[in-house]
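Data first, discussion second: the structure below is written as structure tokens.
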Amino acid sequence: MTASGLDPDDADNSESEPPTPPPQKLNGKLTMAIKRIRQLEGSLTLTPLTPREFAGRLYETGKGSKQAEEQISFASLLRGYTPAASLDDWYDILNMTPDDLNWHAQSIRTESIDDLGQRLLEREKALAMIQGGTALRGLANSIVICIHAIKFAQEWRELSTARGGKNKKVEYRKAAFNVRYPDVSADDYKSELDAFTNRHEKVITARNTLLRMFSKFHVAVLLDPLWTPIASYDHGTIGRSPSFALTLDRFMHFSTPQDPYFQKNLTTFKQLIEIMFSEETVKYVDEFLDEFPF
């Protein structure tokens with residue numbers, strides 16, 4: 001338990017604005033975070049990304065350093081997105097057909113599970129199963145992964161306050177480990193489970209971070225695959241630049257989006273999910289948006 005009374009993997013970053021210490025006390029990461037925020041100031045006056053700019057960014061993601069990619073994505077969050085004039089325009093811009101991306105319907109069955117612990121486990125199975133592919137498949141994967149991760153973060157907090165929540169978390173970690181690594185030998189089981197448990201906190205923190213960002217920027221976060229939580233159970237890495245956490249703390253107070261920002265982003269997002277997903281999956285995403293409105 002921490003001084004706040006929360007388990008470490010429930011703790012979230014405070015929403016109070018982080019102070020800037022005197023220059024002589026600045027460390028390297030903090031200095032870089034402050035510099036990165038200053039670099040983003042110009043994005044506040046830029047217009048929302050056009051559909052073609054969005055597509056260009058989608059196909060270029062992953063070609064720069066982690067910090068450079070994060071900066072571009074931070075700027076995209078500030079700018080927001082412009083919807084296309086029609087769905088046909090999206091098909092042309094993204095060079096796709098209506099039947100290209102319709103394989104996520106299996107995720108919907110998770111929502112019909114009443115038992116919270118089992119539902120968490122089914123989400124873990126889905127998160128382990130969904131893999132990347134082309135840029136378009138990567139976007140579709142990212143949206144579904146992020147929905148699971150956001151709901152997981154919310155439900156993990158609910159488990160914290162449930163009767164016997166601490167024991168249920170221990171049971172969950174063991175069950176999730178068995179889902180992720182079903183073939184571990186008996187001799188290696190304890191050491192591998194211990195490593196998994198240590199890395200579990202980073203995974204929870206990454207999912208909590210996504211929930212925090214989504215709570216402020218809503219679907220703009222889902223429109224950028226870079227924000228998909230990639231903290232790894234396999235290697236214990238978080239997949240972010242060294243100064244990311246400090247930059248994010250300041251970024252969350254850098255700008256306050258207004259209603260037109262949310263409306264344009266939501267229209268863009270709904271256009272994209274309509275052309276990428278089956279009717280059943282679109283319904284699943286719409287139900288998520290009803291549960292988490294801006």
Side-chain angles (χ1 to χ4, degrees), residues 13-21 23 26 28-86 89-90 92-94 135 138-139 142-143 146 150 209-228 240-273 289 292-294:
N13 294 314
S14 172
E15 289 305 319
S16 60
E17 187 168 0
T20 300
L26 294 181
K29 291 181 182 179
L30 184 54
T31 300
M32 178 56 69
I34 294 171
K35 179 180 178 181
R36 291 176 66 175
I37 291 299
R38 288 173 179 165
Q39 290 171 345
L40 292 168
E41 290 176 355
S43 299
L44 293 171
T45 59
L46 296 177
T47 58
L49 274 75
T50 66
R52 290 200 179 277
E53 286 177 316
F54 167 83
R57 170 64 181 145
L58 183 66
Y59 288 110
E60 290 297 319
T61 298
K63 295 186 178 180
S65 68
K66 289 178 182 177
Q67 180 170 306
E69 291 292 315
E70 290 164 2
Q71 288 296 92
I72 294 172
S73 291
F74 278 135
S76 296
L77 279 181
L78 292 175
R79 293 177 64 184
Y81 299 88
T82 302
S86 68
D89 283 353
W90 276 119
D92 177 59
I93 291 167
L94 296 173
L139 175 62
S142 172
I143 290 171
C146 285
I150 288 167
T209 296
L210 178 68
L211 175 59
R212 181 185 176 204
M213 295 177 69
F214 180 81
S215 296
K216 180 157 188 174
F217 295 100
H218 205 240
V219 295
V221 175
L222 304 184
L223 286 167
D224 192 336
L226 183 128
W227 300 126
T228 308
R240 301 297 180 200
S241 67
S243 60
F244 171 76
L246 289 171
T247 303
L248 178 64
D249 286 345
R250 280 150 180 78
F251 181 79
M252 293 296 289
H253 303 280
F254 188 51
S255 174
T256 301
Q258 303 300 315
D259 188 65
Y261 170 93
F262 293 114
Q263 293 292 350
K264 286 184 178 181
N265 292 343
L266 185 59
T267 300
T268 303
F269 181 76
K270 288 196 169 187
Q271 287 179 339
L272 286 165
I273 65 170
L289 294 176
F292 293 87
F294 61 81

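Note: hydrogens, waters and symmetry copies are ignored here, and every other heavy atom, side chains too, is used.
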Should Arg212 and Asp249 count as an ion pair when the cut-off is N to O under 4.0 Å?
-> yes
Determine whether Leu78 and Glu41 make a side-chain contact, defined as any pair of heavy atoms from C-beta on separated by less than 4.5 Å.
-> no
Arg36: partners by salt bridge (charged side-chain N to carboxylate O under 4.0 Å, His left out), with sequence neighbours left out | Glu70
Compare every heavy atom of Met213 with every heavy atom of Met252, then report the nearest pair and how far apart it is.
-> CE-CA, 4.2 Å
Phe292 backbone acceptor or donor facing His218 side chain under 3.5 Å = yes
So which heavy atom on Ser73 is nearest to which on Trp227, and how close?
-> CB-CZ2, 3.3 Å
Could you walk me through whether Cys146 and Val221 pass the side-chain contact (heavy atoms from CB on, under 4.5 Å) test, one step at a time?
-> CA-CA 9 Å; Cys146 285; Val221 175; 5.7 Å; no
Heavy-atom pair with the smallest gap, counting every atom of Thr50 and Thr82 | CA-CB, 4.3 Å
Got a salt bridge between Glu69 and Arg57, using NZ or NE/NH1/NH2 to carboxylate O under 4.0 Å?
-> yes
Is the shortest heavy-atom distance from the side chain of Leu272 to the side chain of Tyr81 under 4.5 Å?
-> no
Atom CD1 in Ile34, atom OG in Ser243: separation rounded to 0.5 Å?
-> 11.0 Å
Under the side-chain contact (heavy atoms from CB on, under 4.5 Å) criterion, do Leu289 and Leu266 qualify, and how do the steps go?
-> CA-CA 10 Å; Leu289 294 176; Leu266 185 59; 3.9 Å; yes
Heavy atoms of Leu223 and Pro225 approach each other most closely as O-CD, 3.8 Å
For the residue pair Leu44 and Ser255, establish whether any side-chain heavy-atom pair is separated by less than 4.5 Å.
-> yes
Partners of Pro83 by side-chain contact (heavy atoms from CB on, under 4.5 Å), sequence neighbours excluded?
-> Lys264, Thr267, Thr268, Gln271
Answer yes or no: is there a donor N or O on one side and an acceptor on the other, between the side chain of Lys66 and the main chain of Pro242, under 3.5 Å?
-> no
Between Tyr261 and Phe217, how do the two ring planes meet: parallel, tilted or perpendicular, split at 30° and 60°?
-> perpendicular
Residues forming a salt bridge (charged side-chain N to carboxylate O under 4.0 Å, His left out) with Glu53, sequence neighbours excluded | Arg79
About how many Å separate CZ of Arg52 and CG of Leu58, when rounded to the nearest 0.5 Å?
-> 13.5 Å
Quickly, which of Leu49, Leu77, Val219, Leu222 forms a side chain to side chain contact (heavy atoms under 4.5 Å, CB included) with Asn265? Name it, please.
-> Val219
To the nearest 0.5 angstrom, please state how far the CG atom of Leu211 sits from the CZ atom of Phe214.
-> 8.5 Å
When rounded to the nearest 0.5 angstrom, what is the spacing between CE in Met32 and NZ in Lys29?
-> 12.0 Å
Output for pair (Thr247 OG1, Gln67 CD), nearest 0.5 Å, gives 7.0 Å
Check: Asp224/Ser76 side-chain N/O donor and acceptor closer than 3.5 Å = no
Aromatic plane relationship, Phe74 with Phe244 - under 30° parallel, 30 to 60° tilted, over 60° perpendicular = parallel
Provide the closest heavy-atom pair for Thr228 versus Ser142 in the form atom of the first, atom of the second, distance.
-> OG1-OG, 2.6 Å
Beyond-backbone contact of Ile72 with Glu60, side-chain heavy atoms, under 4.5 angstrom | no
